[in-house]
Amino acid sequence: MSLIDAEIGRKYKIVSISGGFLSKGRLLRLGVTPGSIIELKRAAPLSGPLMINVNGSDIVIGRGVAKKVVIEEIV
Amino acid sequence: MKQIRIALIGQPNCGKSTLFNQIAGYRSLTANFPGATVTYIKGKTYIGNDLVEIVDLPGTYSLSWYDDAEKEAVKALFSMDIDVIVNIVDASTLIRSIEMTLELMCLGKPMVMALNMMDEAERKGIIIDTKKLSDALGIKVVPIIAKKGKGVKELLQTLKNASPPTKECIYSEEIESKIENLEQCIGENIKDKNWPVKMMAIKSIEGFKPISDMIENTPCRDELIKARKSLDNGNEIEKERHALCMDIFEDTSKLKKIRTKNSEEKIDSILMHPVLGYLVMFVLFLGVFYIVFQGGTPVENIFIDIFDKIDAFLVSAIPNKLVFSITKGAVDGIGAAIGIALPYLVPFLFIISFFEDVGYLPRVAYLMDSVLHKMGVHGTSVISFVVGYGCSVPAVMATRILKSKKEKIIAAFLASLVPCSARSTVIMGLVGYFLGYMYVIPLYMFNLVVIVISGMILKRLLPGISPEMVLDIPPYRIPSLKTVILKTWLKIKDFVYVAVPLLVAGSVLLAVISYYHLDDYINMAFEPLLSGVLGLPAAVGVVLIFGVFRKELTLLMLYQALGLSSAALVNTVMSTQQMLVFTIFVMFYIPCVATIAVLKREVGLKYSLYITIGTFVLAVILSYFVKIIISII
Ligand SMILES: Nc1nc2c(ncn2[C@@H]2O[C@H](COP(=O)(O)OP(=O)(O)OP(=O)(O)O)[C@@H](O)[C@H]2O)c(=O)[nH]1
Ligand SMILES: [Mg+2]
């Protein structure tokens with residue numbers, strides 16, 4: 001599943017980040033890397049961005065970017 | 001002996017400028033969002049008896065820059081002949097910060113880590129063993145709290161004997177063996193004095209364009225392709241580096257369970273709420289103008305009275321007509337600056353500074369992102385717009401944190417349509433003062449609507465795409481009164497030292513040219529447009545010209561140009577309709593010279609001309625439109 005399918009308030013593990021898009025480097029630098037645990041905190045209305053928490057920092061990501069972040073549920 | 005030059009470098013929002021201000025005096029604007037500083041700023045200080053130079057740089061997450069602000073930081077680091085690197089690190093985001101530290105270490109320069117925000121790390125329950133961290137990295141680590149000035153002395157002492165990292169940049173054997181050939185080839189074929197060879201190899205494998213372009217036309221091209229393949233386009237390297245950072249973090253830090261009282265979560269759940277969030281934002285927006293208006297008008301009244309008395313005294317004291325005109329021009333210039341501009345500027349800039357420091361703007365970026373999409377920009381450009389209510393110059397410069405050219409151009413154009421505080425003095429001091437608050441709010445709303453529509457049109461006109469935002473949301477921080485005051489002063493300083501003298505000179509000049517009736521020629525040239533089309537008094541022509549130099553002058557010289565003895569009399573010669581049309585025109589027409597200059601630097605000559613002409617056309621159309629609407633009502 002991808003990050004845009006995540007449920008608010010739940011934690012997930014990042015599996016991979018697909019594609020060579022422009023902001024990928026920044027995403028990695030902010031700690032959104034394969035293997036990290038993230039929590040989806042909130043989503044802005046009208047297909048606005050998502051806010052996630054990773055390593056204790058809040059990060060806002062546009063939906064188009066979020067689509068490329070592949071996650072899995074933590075069991 | 002050569003003066004030592006020290007560069008402050010680190011990730012955005014880690015407190016570089018705050019530290020700089022502690023060391024070199026308050027000269028760099030700080031704010032609680034990533035990307036507050038977009039250009040380097042130099043300062044000086046003594047360490048012991050030695051005078052050293054300190055450079056504050058824009059923040060960057062990595063040496064492989066992503067936007068223009070980051071590029072500026074890396075370019076400065078490379079080109080400025082830096083002797084010592086101070087790597088500022090936000091202790092509360094240690095893991096990701098170490099990645100940057102590792103990169104800097106690979107440059108092999110004398111380096112010290114300033115571990116900042118120790119107070120916040122503690123609050124978050126992160127306990128860092130600085131001794132262990134220092135050993136793990138092979139550089140000196142000094143814990144500081146820049147905001148309170150704690151640890152700054154120790155840091156400066158440590159800087160004196162800074163040495164290069166004792167550890168080398170080495171990856172695992174597997175990775176080293178895969179980049180070996182590329183490294184060797186680069187070493188033989190490409191001469192670059194800034195980038196270490198290994199870093200070039202890694203950056204090119206990771207797809208950092210400026211470096212891979214350097215390799216493109218050399219024999220190393222094939223090696224690069226091979227290395228990319230074997231290292232999964234650099235993902236393998238990234239993974240290892242990240243794992244290393246995690247390891248260092250885990251070895252040197254402990255996470256203490258803290259009682260999760262988390263007031264921050266609660267505030268966010270209101271301010272970022274899908275409905276309430278927008279409501280609060282709207283109320284705050286109106287509230288700011290209301291406070292500025294309520295605070296400014298009574299003060300304006302007091303000063304107008306005082307300067308009217310001085311003027312009256314001058315009439316009786318100076319018999320010579322020309323001398324009188326000149327003196328009155330000078331006095332009125334000062335009076336206008338103190339009496340009309342400052343009462344609005346001070347509270348306005350104070351409130352904007354406060355908002356910047358609290359950390360509300362990144363939240364607004366989150367809320368506004370989807371609306372801004374329709375205008376061809378993203379949430380991050382909110383920073384430009386809000387800064388724009390203060391001054392258009394830093395607002396245009398703030399577009400450096402935007403990635404694409406298209407987004408930059410649109411944001412720069414729209415930011416220059418935002419009424420800066422100088423233009424707000426016209427809105428407040430003319431419309432607000434004579435017509436009341438109920439006219440002020442619709443004007444700001446009208447301005448917003450025009451900005452949104454212009455954005456939507458520009459989005460369709462300009463080619464290209466804008467990559468979506470990825471923005472770090474900092475915690476809320478309560479600014480100290482001192483910081484906000486100093487920051488407000490730094491912003492007003494420019495008004496006091498540049499605008500006021502210009503205003504006085506302008507007033508005197510205007511007094512002289514009207515004494516000899518030269519202004520008639522200027523006004524005559526503009527009469528067809530200003531009087532004919534817009535129905536304004538012809539005398540405003542010369543005022544609008546002065547306004548291109550500094551926007552404040554448009555209001556401050558207005559009553560002088562209209563031949564009035566006091567600012568309180570403007571409503572005797574201008575109707576409600578004329579005041580509104582004039583204000584709309586001033587709100588949009590031609591950015592001031594300083595803004596045009598930064599526009600040229602940020603978006604190039606061609607687009608800065610388009611923007612300049614565009615705003616003029618927009619001003620004419622909109623003020624004509626408003627004139628028609630008012631005459632219908
Ligand atoms: N709690 C705490 N806050 C700090 C400390 N140092 C700086 N800050 C705050 O952190 C925010 C960012 O500070 P800046 O100095 O503007 O950060 P910067 O590194 O220059 O940021 P950019 O220019 O955007 O890269 C401001 O709101 C500061 O008040 C500190 O030691 N503790
Ligand atoms: Mg800064």
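Sequence lines set the chain letters: A, B, ... in the order given, protein chains first and strands last, and positions in each chain run from 1.
Proximity to chain A is limited to the side chain of B:E238, based on heavy atoms less than 4.5 angstrom apart. Only the side chain of B:P467 comes within contact range of chain A, with at least one heavy atom under 4.5 Å from a heavy atom of that chain. Heavy atoms closer than 4.5 Å to chain A are found in both the backbone and the side chain of B:Y61. Heavy-atom distances place no part of B:L367 under 4.5 Å from chain A, backbone and side chain included. No part of B:F249 comes within reach of chain A, as not one of its non-hydrogen atoms sits under 4.5 angstrom from that chain. Contacts of A:P45 with chain B are made by both backbone and side-chain atoms, with heavy-atom separations under 4.5 Å. With a 4.5 Å cut-off on non-hydrogen atoms, B:S404 does not touch chain A at all.
Salt bridge present: A:R29 and B:E103 bring a charged side-chain N and a carboxylate O closer than 4.0 Å. Look at B:E70 and A:R26 and you find a salt bridge, because one of the NZ, NE, NH1 or NH2 atoms lies within 4.0 Å of a carboxylate O, short of that distance. Between B:D268 and A:K41 there is no salt bridge, since no side-chain N of the basic residue sits under 4.0 Å from a carboxylate O of the acidic one.
Crowding of A:K11 atom NZ: a count of heavy atoms from other residues, nucleotides or ligands under 6.0 Å not exceeding 12. Counting heavy atoms of neighbouring residues, nucleotides and ligands inside a 6.0 Å radius, atom CD of A:E39 exceeds 12 of them.
Screening A:V32, A:L30, A:V54, A:N55 for a side-chain contact (heavy atoms from CB on, under 4.5 Å) involving B:R96 leaves a single residue, A:L30.
With chain B as the partner, the residue from A:A66, A:G31, A:G64 showing the most heavy-atom pairs under 4.5 Å is A:G64. Of the listed residues (B:E265, B:M246, B:K124, B:M272), the one with the most heavy-atom contacts under 4.5 Å to chain A is B:M272. When the candidates A:T33, A:I59, A:V60 are compared by the number of heavy-atom contacts under 4.5 Å with chain B, A:V60 comes out ahead.
How far OH of B:Y366 is from CG of A:D58: 10.5 Å, rounded to the nearest 0.5 Å. Atom CD of B:E206 sits about 8.5 Å away from atom CG of A:L28, to the nearest 0.5 Å. Rounded to the nearest 0.5 angstrom, B:K403 NZ and A:S23 OG are separated by 9.5 Å.
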message: Before you tell me yes or no, could you show the steps for B:H373 and A:S47 under side-chain contact (heavy atoms from CB on, under 4.5 Å), namely the whole-Å CA-CA distance, both residues' side-chain angles and the distance that decides it to 0.1 Å?
response: CA-CA 10 Å; B:H373 262 226; A:S47 12; over 6 Å; no
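The side-chain heavy atoms of B:M469 and A:P49, taken from C-beta on, include a pair separated by under 4.5 Å. Contact annotation: the side chain of B:H242 approaches that of A:S36 to within less than 4.5 Å [non-hydrogen atoms, C-beta and beyond].
At distances below 3.5 Å, not a single donor-acceptor pair connects side-chain atoms of B:E468 with backbone N or O atoms of A:I61.
Minimum heavy-atom separation, B:D472 to A:S57: OD1-CB, 4.3 Å.
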